[in-house]
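Single-structure report; data block below.
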Amino acid sequence: MLRIDVITIFPGLFEAFLSESLVGNAIREELIGVALHDLREFTTDRHRKVDDTPYGGGPGMVMKPDPLVAAIEAVAGPKGPEREGRVILLSPQGDRLDQVRLAELATKERITLVCGRYEGIDQRAIDLAVDEEISIGDYVLSGGEVPAMVLIEGVSRLIPGVLGNPESAEKDSFQRNGLEGPQYTRPQEFRGEAVPEILRSGDHAAIERWRAERAREITRRRRPDLLRDPSGKEES
């Protein structure tokens with residue numbers, strides 16, 4: 001079972017997310033485990049302060065290194081070969097999260113997610129206690145909690161038994177170097193738009209070919225980079 005620890009100053013943000021839908025079911029069925037750790041529990045002052053003004057000036061506040069390092073080491077152990085699992089900081093400076101990385105993380109036994117806040121965290125906390133940084137895209141949010149939820153959901157659906165039909169994950173966008181094609185359901189006609197005839201033909205081989213062609217068209221139009229091999233040429 002994959003265990004995910006989350007270090008945050010807002011554990012309440014995760015309550016509904018971890019109790020509902022696919023992730024909630026996975027936790028109840030003990031396919032994954034998620035533990036929340038309130039960073040303020042690792043402070044030593046009476047105000048439970050986790051941030052301070054940055055050296056050198058500048059806007060905003062910066063998360064202090066002492067409570068962060070204490071929390072990470074209490075949860076995952078000191079940085080090094082003896083540590084349990086990977087410690088990941090959700091950060092705009094991190095490597096871009098993609099399906100390949102999610103699949104790698106889904107094979108781990110334990111990961112710890114660190115949710116930053118404010119203008120960032122003291123670099124010493126990263127150097128002393130974080131194994132890697134991950135970003136969910138080229139934009140900035142107010143904290144790492146939503147990115148942590150994105151990572152948890154993305155990893156969870158790749159754990160065997162979490163999805164009702166395992167083929168759902170196998171046919172997802174990005175699983176086969178492309179995007180998924182269009183989907184249709186009942187009614188057969190809606191506001192003058194009909195379900196493509198091929199999908200109602202019963203010819204499963206033809207349907208699969210049609211879906212593959214549509215998926216490739218969408219990928220070529222929206223994400224042509226997914227169709228290129230390492231040399232930059234489009235794969236056949």
Same cluster for L2 and L18 if Ile/Leu/Val/Met/Phe/Trp/Tyr side chains link at under 4.5 Å?
yes
Inter-residue atom distance D66.CG - T44.OG1, 0.5 Å rounding
6.5 Å
Any heavy-atom pair between the side chains of I152 and V150 that's under 4.5 Å?
no
Heavy-atom closest contact (P11 atom, L36 atom, distance):
O-CD1, 3.6 Å
Would a 4.5 Å heavy-atom cut-off, applied to side chains only, mark D131 and R83 as touching?
yes
Of all residues at least two apart in sequence or in a different chain, which pass the side chain to side chain donor-acceptor pair (under 3.5 Å) check with T219?
none
Worked verdict on K64 versus D52 for side chain to side chain contact (heavy atoms under 4.5 Å, CB included):
CA-CA 6 Å; K64 292 161 55 69; D52 209 332; 4.0 Å; yes
So which atom in I121 and which in G116 form the shortest heavy-atom distance, rounded to 0.1 Å?
CG2-CA, 4.1 Å
Closest non-hydrogen atoms of G60 and P54, given as atom of the first, atom of the second and distance, are O-CD, 3.4 Å
Identify whether the distance between the nearest side-chain nitrogen and carboxylate oxygen of E217 and R214 falls below 4.0 Å.
yes
V114 vs I88 side-chain heavy atoms within contact, under 4.5 Å
no
Between CG on residue L31 and CG on residue N25, distance to nearest 0.5 Å
9.5 Å
Any carboxylate oxygen within less than 4.0 angstrom of a Lys/Arg side-chain nitrogen, looking at R216 and E213?
no
Measure the spacing between CD1 of I126 and NZ of K79 and express it to the nearest 0.5 Å.
9.5 Å
Heavy-atom distance under 4.5 Å between the side chains of T112 and R86, does that happen here?
no
Under 3.5 Å donor-acceptor, R28 side chain and S19 backbone
yes
Hey, does D38 have a side-chain heavy atom less than 4.5 Å from the side chain of T8?
no
Which residues share a side chain to side chain contact (heavy atoms under 4.5 Å, CB included) with Y139, sequence neighbours left out
I136, L141
Give me the atom names and distance for the closest heavy-atom approach of M149 to F17.
O-CZ, 3.3 Å
Intermediate values then yes/no, salt bridge (Lys or Arg N to Asp or Glu O under 4.0 Å), E180 and R211
CA-CA 8 Å; E180 192 173 7; R211 283 177 169 161; over 6 Å; no
Are side-chain heavy atoms of R3 and E109 found at a separation under 4.5 Å?
no
Are F190 and L199 joined in one hydrophobic group, where the rule is that I, L, V, M, F, W and Y side chains link up if heavy atoms are under 4.5 Å apart?
no
Report yes if some heavy atom in the side chain of Q99 is under 4.5 Å from a heavy atom in the side chain of L158; otherwise report no.
yes
Which atom names give the shortest non-hydrogen contact between P187 and V195, and what distance separates them?
O-CG2, 4.0 Å
Hey, what do you get for CZ (F10) to SG (C115), rounding to the nearest 0.5 Å?
11.0 Å
ILVMFWY network linking M61 to F42, side-chain heavy atoms under 4.5 angstrom
no
Is there a continuous path of hydrophobic side-chain contacts, each under 4.5 Å between heavy atoms, that joins L22 to M1?
no
Measure the CZ-CG distance between R96 and D138 for me, rounded to the nearest 0.5 Å.
4.0 Å
Least distance between heavy atoms, A215 atom then G181 atom:
CB-N, 3.7 Å
Nearest 0.5 Å, please: how far is CD in E132 from CG in L89?
10.0 Å
Run the numbers on S201 and W210 for side chain to side chain contact (heavy atoms under 4.5 Å, CB included), then give the verdict.
CA-CA 12 Å; S201 69; W210 181 88; over 6 Å; no
Kindly determine whether R101 and E104 satisfy salt bridge (Lys or Arg N to Asp or Glu O under 4.0 Å), including the steps that lead there.
CA-CA 5 Å; R101 188 72 185 106; E104 292 172 354; 2.9 Å; yes
Greater than 12 external heavy atoms within 6.0 Å of R124's CZ
no
In terms of hydrophobic clustering (I, L, V, M, F, W, Y; side-chain heavy atoms under 4.5 Å; direct or indirect links), are V87 and I32 co-clustered?
yes
Carefully, step by step, assess L39 and M63 under the rule side chain to side chain contact (heavy atoms under 4.5 Å, CB included).
CA-CA 11 Å; L39 179 61; M63 297 189 81; 3.3 Å; yes
Taking the side chain from S91 and the backbone from Q93, do they hold a donor-acceptor pair closer than 3.5 Å?
yes
If you measure only the distance, is there a donor-acceptor pair under 3.5 Å linking the side chains of Q123 and D127?
yes
So do V75 and I7 actually touch side chain to side chain, heavy atoms under 4.5 Å?
yes
Side chain to side chain contact (heavy atoms under 4.5 Å, CB included) assessment of I72 paired with V69
CA-CA 5 Å; I72 293 170; V69 172; 5.8 Å; no
Side-chain donor/acceptor of R40 to backbone N/O of K49, under 3.5 Å:
no
